[in-house]
Number of protein chains: 2
Amino acid sequence: MSLPHVLLGLLAEPASGYDLKQEFGQSIRYFWSAELSQIYPALAKLERDGLLESSREPSPKGPSRKVYRRTAEGQKALKEWLLRGPVCRTERLDYLAQMFFLETIPPARRRKFIEDLRDDFQERLHALEAVEQYWSESDPRYPDRLPDHEKYRQMTLKLGLKRYAATVEWCEECLERM
Amino acid sequence: MSLPHVLLGLLAEPASGYDLKQEFGQSIRYFWSAELSQIYPALAKLERDGLLESSREPSPKGPSRKVYRRTAEGQKALKEWLLRGPVCRTERLDYLAQMFFLETIPPARRRKFIEDLRDDFQERLHALEAVEQYWSESDPRYPDRLPDHEKYRQMTLKLGLKRYAATVEWCEECLERM
DNA sequence: CAGGTCATGTAATAAGTTACATGATTAA
DNA sequence: TTAATCATGTAACTTATTACATGACCTG
């Protein structure tokens, strides 16, 4: 039940469903994603429940936009989610399940599997490194003098960097041990 | 579409739905889980599709068991899944989404949030460390002389250890920086 | 005989993906 | 005029969770 909360979180600034989908494409995508076909109904329900309100606004390019704003109720719901403490659901990592049964395929293909996995995480790592570099170059307050709302985003980024680096390292170790 | 493949993987040895559920409770749970209400229909479908076959067997304790075996077709399907290469879907990490919006709650509660997160991962780390210790004590081949099918499980375990350790470390760093 | 574990399932609901439908505006 | 982007949505399907239903066998 977290997508509604993620949307509430992102709606610190008014935005349309379409805008929100773009935001998922940026930093968010490393820990969450959603299709427009899931976002639109979710926003509609949040509005019905009084956590959001919306207004139609003409768009400079394209059809008119439905811009959502968080209500006081919405802000409260977001807070409650955070105050309930960390939500840790069981992760479903298909590639780890595959790793678990990797002996099923011939040795050469096993090696290739792990190389592919390494390349994938290497790429993600580079992407996050680029984010960090751009951020640190464009804001002299990076990383320790950032305002609160950016500080926690920076920390989130840091965990991504750590985990992806650890994963790439692990792939290399596996390859050496084969 | 991975649960069926996980079941195929686990069914290297014949087992009932109930047995398989137990296995999820062990090592598997760090990267996959499923309820019995999902497992039973999944097994039934795999049988209809000819990837598994079953037989009723009396149980020493309790009602009769339905024991599934992998067919040649099933083995093939498992191989194909692995040969298609690593499946990396977008992860949905609720607690990272929460971290991203953590400025929403008061500073003392932010700290508590991160402490709780650290405790959670610390616990998982301890659990995996216990698994490793037991394994290394009970099998002198651990870790480099293990037979193939255990070697990849050991590597899977290693990634878990690495990631959980990195996460605990990261929590500590966050707390220091607050 | 009560409570726990063994054992198999169905039903209802929630969450997420893929495909489809529609139409405006802009740039090549 | 054709393709791309902007913009909002519905429908069908798949996947996962929670709740319910049933009953055997074992232990205290």
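Just so we're on the same page: letters track the sequence lines, and every chain starts at 1. These numbers come from a predicted model, not from an experiment.
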Does OP1 or OP2 of [N] have a side-chain N or O of [X] closer than 4.0 Å?
X	N	value
B:Ser59	C:dA7	yes
A:Lys66	D:dG9	yes
A:Ser64	C:dA24	no
A:Arg65	D:dC6	no

Given atom [atom1] of [X] and atom [atom2] of [N], what is their separation to the nearest angstrom?
X	N	atom1	atom2	answer
A:Asp94	D:dA16	CG	C1'	14 Å
B:Phe24	D:dT17	CZ	P	11 Å
A:Arg89	D:dT15	CZ	C1'	13 Å
A:Tyr40	D:dA7	OH	P	9 Å
A:Glu35	D:dA7	CD	C1'	16 Å
B:Tyr68	C:dA7	OH	C1'	12 Å
B:Met1	C:dT18	CE	P	12 Å
A:Glu91	D:dT17	CD	P	13 Å

Practice task
Please confirm whether the backbone N or O of B:Ser54 pairs with a side-chain atom of B:Glu47, one donor and one acceptor, at under 3.5 Å?
Solution key: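 At least one qualifying donor-acceptor pair exists.
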Exercise for the section: Spell out, as yes or no, whether a donor-acceptor pair under 3.5 Å connects the side chain of A:Arg65 to the backbone of A:Ser59. Expected result: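 Checking the backbone N and O of A:Ser59 against the side chain of A:Arg65, no donor-acceptor pair under 3.5 Å is found.
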From [options], nucleotide with atom closest to [X] side chain:
X	options	value
A:Pro63	D:dC6, C:dT18, D:dT8	D:dC6
A:Thr90	D:dT17, D:dC26, C:dT8	D:dT17
A:Arg92	D:dT14, D:dT17, C:dT17	D:dT17
B:Tyr18	C:dG9, C:dT5, C:dA15	C:dT5
B:Arg56	C:dG9, C:dA15, D:dA16	C:dG9

Problem - DNA chain C: 5'-proximal contact among B:Asp19 and B:Gln38 (nearest heavy atom) - result: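 Residue closer to the 5' terminus by nearest nucleotide: B:Asp19.
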Practice task
State whether the distance check finds a donor on one side and an acceptor on the other, under 3.5 Å, for side chain B:Ser37 versus base D:dT18.
Solution key: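 By the distance-only test, yes, there is a pair.
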Exercise for the section: Following the transitive rule for hydrophobic clusters with a side-chain heavy-atom cut-off under 4.5 Å over Ile, Leu, Val, Met, Phe, Trp and Tyr, establish whether A:Tyr152 and A:Leu82 coincide in one cluster. Expected result: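 Yes, A:Tyr152 connects to A:Leu82 through the hydrophobic network.
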Practice task
Would you kindly say whether A:Gln154 and A:Arg141 are connected by a side-chain donor-acceptor distance under 3.5 Å?
Solution key: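 There is no such pair between these side chains.
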Practice task
Find out whether the Lys NZ or Arg CZ of B:Arg110 is both under 6.0 angstrom from the six-membered ring centre of B:Phe113 and within 45° of the ring's axis.
Solution key: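 The answer is no, since B:Arg110 fails at least one limit relative to B:Phe113.
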